[in-house]
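Input: a single structure, listed below in structure tokens.
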Amino acid sequence: MLKELFVREAVKRGAELEGQELRLCGWAHRIRDLGAIRFVVLRDRSGTLQVVFKKGETPQEALSAALGLREEAVICVKGVLRRAPTREGFELLGRELEVHSSPLESLPLEVHDSTKATLPTRLRYRWLDVRNPKVSAVFKLKAWVARKFRDHFSALGFTEIFTPKIVATGTESGADVFPVIYFGKTVYLAQSPQFYKQMAVIAGLERVFEVGPVFRAEPHHTTRHLNEYHSLDIEVGFIESYNDVMDFVEGFFRRIAEESHEVKELLEEHGAEPLRVPERVPRVTMRQAYEILAEYGKKVPYGEDLDPEGERLLGNYAREKHKSDLIFVTEYPWKVRPFYTMRKEEEPQWTYGFDLLMRGLEVVTGGQREHRYERLRQNLREKGLKEDDFEYYLEFFKHGAPPHGGAGMGLERITMQLLGLQNIREARLLPRDTERLTP
RNA sequence: GCCGCGGUAGUAUAGCCUGGACCAGUAUGCGGGCCUGUCAAGCCCGUGACCCGGGUUCAAAUCCCGGCCGCGGCGCCA
């Protein structure tokens, strides 16, 4: 029963296919029963089309089969395409109906209205929730972003890498990693490909990217955190400064904006506006950000990190003053950045680390890395970390490491912000959070 | 981790503050019936619920305690 034709194509080629007998397969999306005439809206991954079973026109056998049909049954219909005053402009006059499987119990979610249910219910019955075109749009858009990422950086000479997700130590502090038993030893799920992408640059690949899962053991209770998510990572050798890294990141988001017409329908499903990326995305230092926020009536203590409200306000500032959905915040304080971040030469309390805020939410973190062995050791010590724990990492830098930098972008956060989703869990097919492990 | 809010039919909710007229209302779904052009189809009939345990009280969906679960704000971060 391999499908030869999807609903959308049938409608698109309606003028040509009119009067022909077609076979379409999918789910019974809506059923409207008027007695001697029964409408079944057929839905597949591409769209919907009304099928009509009508006494006098539909053979008795198909008519009877249509009478017992339930919503969300999986069906194939053979029928004749004809013009009709429906949304699609066409309908299929049913001639034969095959029912491949039918719901055994009343549905815990109404597919066409699944987003009206609460998120826990939707996630519990995700296979029903995602049948809703508005929900599948999220995953189609997410896939598009990931594909753009691969296309964009591949074209710029980056090599895609695939690094281990089972690691011996945490990347940053080791406090927020999941331990796993590995042949009797306690090891961890990778919280980031950070060390390995740096190694790949040092290994002479120079420019690398990775799309892969990362794991964070923080017990978050927010709408923007997941314990498992996908990170879009890049790392570039031979940079002049961290501005080069920001240029790469900016170029990627500009591409997303410029090519958003490709996903126009997916955005429209959510009433989302295409991303606005101006000629030059604003780049403000943390110290400038404090001043901007002061003007917005928000006081952030000097030398401290931004809180979510501060990020939202900076997002407003970017939108109002620069007509931009994006804003870089640069020169983060050393005290809030990881040990591998390069510090400003003349002001070591600040770093060459940046974040990118998208519509007021942090979606990218990046910066220039410290590539000098002795400085790295010094940084480790200042962070109160044990050099022994990072011995294998430090070794990367012993045999010739170019100046380099990179960034990590949260795929779900980007998806969420592009569509205006209320909860990041919506951007994950099966989210993992503190309690949720099934399905 | 800290703090706050919540748990009522398949689903989404009202009722809780101010205990009794609530054998729990509404919408939708589901089952049945009517209808030959519906498209949020309509109309009629039916179906189905107070998270678990303990306590207070003549009386608990409602008040109190514990547990489990869910949601959110902050922290941390992408």
Does A:Ser114 reach a base, just sugar-phosphate, or nothing at all? Heavy atoms under 4.0 Å. nothing

Over 12 foreign heavy atoms within 6.0 Å of CD, A:Glu304: yes

Looking only at atom C1', what distance separates B:rC77 and B:rG1, rounded to whole Å? 15 Å

Is A:Thr86 touching bases, backbone alone, or none of the nucleic acid, heavy atoms closer than 4.0 Å? base

Round to a whole Å and report the spacing from OH of A:Tyr332 to P of B:rC77. 10 Å

Determine the Euclidean distance between corresponding P atoms of B:rA61 and B:rC22; express it in Å to zero decimal places. 13 Å

Taking B:rC76, B:rG10, B:rG37 as options, the one with an atom nearest any side-chain atom of A:His220 is B:rC76

Between A:Gln422 (CD) and B:rG73 (P), how many Å, whole number? 10 Å

P atom, B:rG10 versus B:rG4: distance in rounded Å? 32 Å

Hey, does A:Arg436 reach any base, or is it just sugar-phosphate, or nothing, if we go heavy atoms under 4.0 Å? sugar-phosphate

Of the listed B:rG70, B:rG75, B:rA12, the closest approach to the A:Asp307 side chain comes from B:rG75

Taking the side chain of A:Arg413 as its heavy atoms from C-beta onward, which of B:rG10, B:rC77, B:rG75 lies nearest to it? B:rC77

Could you tell me the separation between the CZ atom of A:Arg87 and the P atom of B:rG37, rounded to a whole number of Å? 19 Å

Winner on side-chain proximity to A:Arg216, out of B:rA40, B:rG1, B:rC77, is B:rC77

Looking only at side-chain N and O atoms, does A:Gln422 offer a donor or acceptor that is under 3.5 Å from a partner on A:Glu426? no

Among B:rU38, B:rC39, B:rC76, the nucleotide that comes nearest once only the side chain of A:Leu34 is considered: B:rU38

Please tell me which of the listed nucleotides, B:rG37, B:rC30, B:rC71, lies nearest to the side chain of A:Arg70? B:rC30

Determine, for A:Glu331 against A:Arg287, whether the closest basic-nitrogen to carboxylate-oxygen distance falls under 4.0 angstrom. yes

Rounded to whole Å, the CG-C1' distance (A:Leu123 to B:rU11) equals 15 Å

Over all strands shown, is A:Asp129 touching base, sugar-phosphate only, or nothing at heavy-atom distances under 4.0 angstrom? nothing

Does any donor atom in the side chain of A:Glu218 or A:His225 lie under 3.5 Å from an acceptor atom in the other side chain? no

Touch check for A:Arg425, heavy atoms < 4.0 angstrom, all strands: base, sugar-phosphate only, or nothing? sugar-phosphate

State which residue, out of A:Leu128, A:Val135, A:Val130, fulfils the side chain to side chain contact (heavy atoms under 4.5 Å, CB included) condition with A:Val111. A:Leu128

Tell me which nucleotide among B:rC76, B:rG75, B:rC71 gets nearest to the side chain of A:Asn423. B:rC71

Is there, by distance only and without an angle test, a donor paired with an acceptor across the side chain of A:Arg82 and the base of B:rG37 below 3.5 Å? yes

Can you confirm whether more than 12 heavy atoms, excluding those of A:Glu265, are under 6.0 Å from its CD atom? no

Using a 4.0 Å heavy-atom cut-off across all strands, classify A:Pro108 as base, sugar-phosphate, or nothing. sugar-phosphate

Got a donor-acceptor contact below 3.5 angstrom from the A:Asp233 side chain to the A:Phe209 backbone? no

Which part of the nucleic acid, if any, lies within contact of A:Pro308, taking any heavy atom under 4.0 Å across all strands shown: a base, the sugar-phosphate backbone alone, or nothing? sugar-phosphate

From the list A:Tyr242, A:Tyr332, A:Tyr302, ring pair (Phe, Tyr, Trp, His ring centres under 6.0 Å) partner of A:Trp350 resolves to A:Tyr302

Touch class at under 4.0 angstrom, heavy-atom based, for A:Leu119 against every strand present: nothing

Rounded distance (Å) that lies between atom C1' of B:rU38 and atom CD of A:Glu88: 13 Å

Of the candidates B:rA78, B:rG10, B:rC76, the side chain of A:Glu218 sits closest to B:rC76

Expressed as a whole number of Å, how far does the C1' atom of B:rU18 sit from that of B:rU62? 10 Å

So A:Glu72, base contact, sugar-phosphate only, or nothing? Heavy-atom distance under 4.0 Å. nothing

A:Leu63 CG to B:rU36 C1', in whole Å, measures 11 Å

Applying a 4.0 Å non-hydrogen cut-off, can you work out what A:Ile424 is touching in the nucleic acid: base, sugar-phosphate, or nothing? base

Length of the CD-P vector between A:Glu105 and B:rG48, whole Å: 18 Å

Please state the P separation for the pair B:rG66 and B:rA27 - nearest whole angstrom. 39 Å

Nearest-angstrom distance, P atom, B:rG48 to B:rC43: 23 Å

Nearest to the A:His221 side chain among B:rG10, B:rG73, B:rU11, which nucleotide is it? B:rG73

Rounded to the nearest angstrom, tell me the gap between atom CZ in A:Phe39 and atom P in B:rG42. 14 Å

Work out how far the C1' atom of B:rA14 is from that of B:rG6, and round it to whole angstrom. 15 Å

Which part of the nucleic acid, if any, lies within reach of A:Arg38 when heavy atoms closer than 4.0 Å are counted: base, sugar-phosphate only, or nothing? nothing

Whole-angstrom distance between B:rC52 and B:rU8, as gauged at atom P: 11 Å

Under a 3.5 Å cut-off for both contacts, is B:rG66 paired Watson-Crick or G-U wobble with anything, and if yes, with which nucleotide? B:rC52

For the side chain of A:Glu435, starting at C-beta, report the closest nucleotide among B:rC69, B:rG72, B:rU13. B:rC69

First of A:Tyr125 and A:Tyr229 reached from the 5' end of RNA chain B, by closest nucleotide: A:Tyr125

